[in-house]
2 protein chains.
Amino acid sequence: MTGQDGGPRYDPRGADLVYMLIADDIAAAITAGRYAAGQRLPSEAALAEEYGAARMTVRRAVRELRERGLVRTVYGKGTYVLGPGQ
Amino acid sequence: MTGQDGGPRYDPRGADLVYMLIADDIAAAITAGRYAAGQRLPSEAALAEEYGAARMTVRRAVRELRERGLVRTVYGKGTYVLGPGQ
DNA sequence: ATGCATTTGTCCGTATGTATG
DNA sequence: TCATACATACGGACAAATGCA
């Protein structure tokens, strides 16, 4: 990323962060249809196991997906994939 | 550090840099077996306290040890002593 | 209604990574 | 080199919400 003022800038959203890698991977899975709209994602604990990461890191990834508008999280139930319409 | 007016105060190649002194000391401790292979080093904060230096300086020393292949650092966990085999 | 399991929410402590002054 | 602040990451513990038997 380059600033308009000419100064080189560090991209803090680089994909070399664990939570970002996980978020990208899940996002790709959603795009690929491996997680259909309306379907529930595996639990945070299951995802943590799957990715070999801490649950807090998975939560950070899910938060990223939420901010991208890809999923919706319901307390006590889970995180659900949103369709293109919503 | 290089003086902007009176020339360099320290020999940039010499071992009289604080981080290098610390690195050498830890390396000697590893060689002497005071830190066994597989063992975790004290945290950067603890080492900083021990050596009376800033954490950033200790980090520089640990980086030196990493570049010498003496230790391996794991994000969020610590820095571990490597055996002769690895 | 009473537990019980599952899942997300929150917090704590510790440790490393990055950035700035 | 130091000092500070914040982000990222791990691991654990407990609380709150949900659903089911």
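A, B, ... follow the sequence lines: proteins, then strands. Residue 1 opens every chain. Quick caveat: nothing in here was measured; it's all calculated off a predicted structure.
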Peer 1: Any idea which of D:dA17, D:dC10, C:dG17 is nearest the B:Arg66 side chain?
Peer 2: C:dG17
Peer 1: Quick one, B:Leu47 and B:Glu44 - any side-chain contact, counting heavy atoms below 4.5 Å?
Peer 2: no
Peer 1: Touch check for A:Arg63, heavy atoms < 4.0 angstrom, all strands: base, sugar-phosphate only, or nothing?
Peer 2: nothing
Peer 1: Check this one for me: any side-chain N or O of A:Arg59 less than 4.0 Å away from OP1 or OP2 of C:dT8?
Peer 2: no
Peer 1: Taking for each residue the nucleotide of DNA chain C with the nearest heavy atom, is it A:Glu44 or B:Leu41 whose nucleotide lies nearer the 5' end?
Peer 2: A:Glu44
Peer 1: Of B:Gly76 and A:Lys77, whose nearest nucleotide on DNA chain D comes first from the 5' end?
Peer 2: B:Gly76
Peer 1: What is the distance, to the nearest angstrom, from the CG atom on B:Leu21 to the C1' atom on D:dT1?
Peer 2: 13 Å
Peer 1: In whole angstroms, how far is the C1' atom of C:dT16 from the CG atom of A:Asp16?
Peer 2: 14 Å
Peer 1: Please give, in whole Å, the distance from C:dT8 P to A:Tyr75 OH?
Peer 2: 11 Å
Peer 1: May I ask you to test the A:Ile30-A:Val71 pair for a side-chain heavy-atom distance under 4.5 Å?
Peer 2: yes
Peer 1: Starting at OH of B:Tyr51 and ending at P of D:dT1, how long is that distance when rounded to a whole Å?
Peer 2: 14 Å
Peer 1: When you match A:Val58 and B:Ala54 each to their closest nucleotide on DNA chain D, which lands nearer the 5' end?
Peer 2: B:Ala54
Peer 1: Could you state the OH-C1' distance from A:Tyr80 to D:dA17, rounded to the nearest angstrom?
Peer 2: 12 Å
Peer 1: If you look at every strand shown and take non-hydrogen atoms under 4.0 Å, does B:Ala45 touch a base, only sugar-phosphate, or nothing?
Peer 2: nothing
Peer 1: I want to check one thing: is the phosphate of D:dT8, taken as OP1 and OP2, less than 4.0 Å away from some side-chain N or O of A:Tyr19?
Peer 2: yes
Peer 1: Over all strands shown, is A:Val74 touching base, sugar-phosphate only, or nothing at heavy-atom distances under 4.0 angstrom?
Peer 2: sugar-phosphate
Peer 1: Which atom pair, heavy atoms only, marks the closest approach of B:Arg34 to B:Gln39?
Peer 2: O-OE1, 4.1 Å
Peer 1: Indicate yes or no: at least one non-hydrogen side-chain atom of B:Val81 is less than 4.5 angstrom from one of B:Leu70.
Peer 2: no
Peer 1: Has A:Thr57 got a side-chain N or O lying under 4.0 Å from the OP1 or OP2 atom of D:dC10?
Peer 2: yes
Peer 1: What are the two closest heavy atoms between A:Ala23 and A:Leu65, and how far apart are they?
Peer 2: O-CD2, 3.3 Å
Peer 1: Regarding C:dG17, can its base be found pairing with the side chain of B:Arg55 as donor and acceptor, where the two atoms are less than 3.5 Å apart?
Peer 2: yes
Peer 1: Let me know the distance between CE of A:Met20 and C1' of D:dA7, rounded to the nearest Å.
Peer 2: 12 Å
Peer 1: Over how many whole Å does the gap from B:Glu49 atom CD to C:dA15 atom C1' extend?
Peer 2: 16 Å
Peer 1: Kindly point out which of C:dT7, C:dT16, D:dT4 is positioned nearest to the side chain of B:Met56?
Peer 2: D:dT4
